[in-house]
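Structure record follows, encoded as structure tokens.
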Amino acid sequence: MKKIALITGITGQDGSYLSELLLSKDYKVHGIVRRHSFKGTERIQHLIDDAKYKDKFFLHYGDVTDSCSLSNIIREIQPDEVYNLAAQSHVGVSFKVPEYTAEATGVSTIKLLEAIRQNKVDTKFYQASTSELFGGIPSTAPQSEKTPFYPKSPYGAAKLYSYWITVNYRESYGMFACNGILFNHESPRRGEDFVTRKISLAVANIIKGNQEKLSLGNLNAKRDWGFAGDYVEGMYLMLQQDNPDDYVLATNETHTVRDFVNAAFDEVGIKIKWRGEGINEKGYDSKTDKLLIDVNPKFFRPAEVEFLLGDPSKAEKILNWKRKVNFEELVKMMVRADLNQLKKIFEVT
Ligand code: NAP
Ligand code: GDD
């Protein structure tokens, strides 16, 4: 019998890679999609259109803030595995829409867990937890499953609830429920308002003459950046174990936003020379002295997570998981993809 998976957040970056992975393992994949006024399925359109997935890939209208839709879908499809990836996932935006973030990123998890429990569906459950849980304890590094949490945003606080309610349902009801505590993972499918994609897209646009310069917020923030394709394999592996548990997925390397900018421009043969400090820091093309990067305080957050560095040794040991793509390869992949994408647009317009 083919296994049946349900993915919330299937239209997102991770949902699209996870769908591809599970389809390659011959799963039937069901996803929950929100109604959009215009499209919204770009990242999975190739799967929707592929005739070989006609009887394997299914989408259902629903919303993780709507317990009726969750309960109906769970009852109807009786999944073997549920991957809860849906969230208002932007940390900066969570300060602007804190209450909605609490609903979509926090309270939604109990709605899904209760839909499973009340419908008596025997399924394994993956919760998309995050390194944002560690937030404000920079002295503790690298961060592991044992590091205390200290979220620093409405997003982090909402994810804290989801983390603990997942542990609670495992302990209270014996549910096979796991938290993947994932550090930042990126790809050419990353949303354009996250810093890595904003940078790779800007590099491509500057090279094509569509954009003058790139404005960023905190250049000193350090992140442990990996490739999303590697991380969805870890999610899958967590649900293939004999026992449910929580795991960190990370690269164990950390880089500043400035490092990412340097590496991305390097990819197109531009070396950045930095001058000034704080909000006056600027990046110039070292050959032409053209201004390419400046700092705009509008991209600062009311509270910032300055430093993330993950210790993935538990996942490496127990899941036999290891990231394959390193920082330099990730930057190259993203810049190349954006250059190619823009090339295509120019060829047809
Ligand atoms: P993403 O690209 O922003 O995707 C989020 C997904 O959630 C989208 O499919 C979105 O649908 C859906 N969604 C949002 N609100 C919803 C609602 N009310 N009802 C139903 N669906 C809703 O995020 P991602 O990078 O793939 O991340 C996946 C998950 O992992 C998220 O929970 C995120 O918080 C978490 N996480 C991500 C990272 C990372 O570095 N990427 C690290 C740790 C944890 P629309 O397409 O309709 O907007
Ligand atoms: N988005 C953005 N835009 N971030 C900027 C900018 C900018 O112009 N300039 C500097 N930054 C800094 C942010 O302040 C942050 O310190 C860092 O770049 C990374 O920001 P994001 O790419 O927005 O990601 P994030 O780390 O806040 O959150 C992502 O990773 C989490 C895991 O640690 C998201 O994917 C979350 O959903 C995820 O949980």
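The chain is numbered in sequence order, starting from 1. Start at 1 and go down the list; that is how both ligands and their atoms are numbered. Owing to the predicted nature of the structure, the values given are computational and were not obtained by experimental measurement.
At the shortest separation from atom 38 (C) of ligand 2 among protein heavy atoms lies Tyr155 OH, 3.5 Å. Ranking protein heavy atoms by distance to atom 12 (C) of ligand 1, first place goes to Gly9 CA, 3.8 Å. Nearest protein neighbour of atom 43 (C) of ligand 1, counting heavy atoms only, is Leu182 O, 3.1 Å. Closest to atom 27 (O) of ligand 2 among all protein heavy atoms lies Arg301 NH1, 2.6 Å. Among all non-hydrogen protein atoms, the one lying nearest atom 19 (N) of ligand 1 is Val64 N, 2.9 Å. Nearest protein heavy-atom contact of atom 21 (N) of ligand 1 is Ala86 CB, 3.6 Å. At the shortest separation from atom 8 (O) of ligand 2 among protein heavy atoms lies Lys198 NZ, 2.7 Å. For atom 14 (C) of ligand 1, the nearest protein heavy atom (residue, atom name, distance) is Ala87 O, 3.2 Å. Given atom 26 (O) of ligand 1, the protein heavy atom at minimum distance is Asp14 N, 2.8 Å. Nearest protein heavy-atom neighbour of atom 22 (O) of ligand 2: Val195 N, 2.8 Å. Of the protein's non-hydrogen atoms, Ser89 OG, 3.7 Å is the one closest to atom 1 (P) of ligand 1. Of all protein heavy atoms, the one lying nearest to atom 15 (C) of ligand 2 is Arg223 NH2, 3.4 Å. Atom 25 (P) of ligand 2 has Asn184 ND2, 3.8 Å as its closest protein atom, hydrogens excluded (heavy atom only). Scanning all protein heavy atoms for the shortest distance to atom 2 (O) of ligand 1 gives Gln13 N, 3.0 Å. Given atom 14 (O) of ligand 2, the protein heavy atom at minimum distance is Glu304 OE2, 2.6 Å. Protein heavy atom closest to atom 28 (O) of ligand 2, with residue, atom name and distance, is Val91 CG2, 3.5 Å.
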| request: Could you walk me through whether Arg189 and Glu20 pass the salt bridge (Lys or Arg N to Asp or Glu O under 4.0 Å) test, one step at a time? | output: CA-CA 13 Å; Arg189 298 182 195 170; Glu20 287 170 2; 2.7 Å; yes

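Here Phe194 has heavy atoms under 4.0 Å from ligand 2 in both its backbone and its side chain. At a heavy-atom distance under 4.0 Å, no atom of Ala228 approaches ligand 1. The proximity of Leu308 to ligand 2, defined as any non-hydrogen pair under 4.0 Å, is limited to the side chain. Contacts of Arg34 with ligand 1, taken as heavy-atom pairs under 4.0 Å, involve the side chain alone. Residue contacts with ligand 2, taken as heavy atom pairs separated by less than 4.0 Å, do not involve Glu192 at all.
Distances from atom 41 (N) of ligand 1 to the heavy atoms of Glu186, Arg43, Arg190, His36 put Arg190 nearest. The heavy atom nearest to atom 35 (O) of ligand 2, out of those in His90, Arg190, Glu186, is found in Arg190. With distances taken over non-hydrogen atoms, the option nearest atom 8 (C) of ligand 1 out of Thr11, Asp224, Thr101 is Thr11. Nearest to atom 32 (O) of ligand 1 by heavy-atom distance, out of Arg223, Met235, Lys159, Arg189, is Lys159.
Atom numbering of ligand 1 starts at 1 in the shown order; those under 4.0 Å from a heavy atom of Thr130 are 43 (C), 44 (C). Residue contact check: Gly12 has heavy atoms under 4.0 Å from atoms 2 (O), 4 (O), 8 (C), 9 (O), 26 (O) of ligand 1. In the vicinity of Asn184, heavy-atom distances shorter than 4.0 Å reach the ligand 1 atoms 40 (O). Residue Gly217 approaches ligand 2 through these ligand atoms, each under 4.0 Å from one of its heavy atoms: 6 (C), 8 (O), 9 (N), 10 (C). Near Ala128, meaning under 4.0 Å from one of its heavy atoms, ligand 1 places the atoms 29 (C), 30 (O), 32 (O), 35 (C).
Here the side chain of Asp224 pairs a donor or acceptor atom with the backbone of Thr251 at under 3.5 angstrom. In terms of modelled atom types and a separation under 3.5 Å, the side chain of Arg223 and the main chain of Thr256 share no donor-acceptor contact. Between the side chain of Asn119 and the main chain of Val121, no donor-acceptor pair closer than 3.5 Å is present. The backbone N or O of Pro79 sits less than 3.5 Å from a side-chain atom of Thr123, completing a donor-acceptor pair. Without hydrogens or angle criteria, Lys324 side chain to Asp230 main chain gives no donor-acceptor distance under 3.5 Å. Between the Ser16 side chain and the Thr11 main chain, no donor and acceptor come within less than 3.5 Å of each other. Using a distance-only test at 3.5 Å, with no hydrogens or angles considered, no donor-acceptor pair links the side chain of Ser286 to the main chain of Ile272. Side chain of Thr8 to backbone of Ile32: no donor-acceptor contact under 3.5 angstrom is found. The closest donor-acceptor contact from the side chain of Glu42 to the backbone of Gly40 lies under 3.5 Å.
Between Lys314 and Asp246 there is no salt bridge, since no side-chain N of the basic residue sits under 4.0 Å from a carboxylate O of the acidic one. A salt bridge does not link Glu329 with Lys332: none of the charged nitrogens is closer than 4.0 Å to a carboxylate oxygen. Using a 4.0 Å cut-off between charged nitrogen and carboxylate oxygen, Asp289 and Lys273 count as a salt-bridge pair.
For the residue pair Glu145 and Asn179, no side-chain donor N or O sits within less than 3.5 Å of a side-chain acceptor on the partner. Counted by atom type alone, Ser215 and Asn296 present zero donor-acceptor pairs between their side chains at under 3.5 Å.
Residue Ser129 has no nitrogen or oxygen atom sitting less than 3.5 Å from a nitrogen or oxygen atom of ligand 1, judged on distance alone. Residue Ile32 places no N or O, backbone or side chain, under 3.5 Å from any N or O of ligand 1. At under 3.5 Å, not a single nitrogen or oxygen of Ala104, backbone or side chain, sits near a nitrogen or oxygen of ligand 1. Remark: ligand 1 and His185 share an N or O pair separated by less than 3.5 Å (distance only, no angle test).
Not a single heavy atom of Ser131 sits less than 4.0 Å from an atom of ligand 1. Between Tyr155 and ligand 1 there is a heavy-atom distance shorter than 4.0 Å. At least one heavy atom of Tyr100 lies less than 4.0 angstrom from ligand 1. Distances from ligand 1 to the non-hydrogen atoms of Leu85 include at least one value under 4.0 Å.
Summarising the geometry, atom CD belonging to Glu281 is positioned 10.5 Å from atom CG belonging to Leu216; distances are rounded to the nearest 0.5 Å.
Taking the centre of each ring, Tyr169 and Phe125 stay at or above the 6.0 Å mark.
The aromatic rings of Phe327 and His255 sit parallel to each other, their planes meeting at less than 30°, with 60° as the upper class boundary.
A ring pair (Phe, Tyr, Trp, His ring centres under 6.0 Å) with Tyr231 holds for exactly one of Trp321, Tyr83, Tyr126, Trp225; it is Trp321.
Annotation: side chain of Lys290 is not in contact with side chain of Lys213 (no heavy-atom distance under 4.5 Å).
Residues satisfying the side-chain hydrogen bond (donor to acceptor under 3.5 Å, both in side chains) criterion with Glu76, sequence neighbours excluded, are absent altogether.
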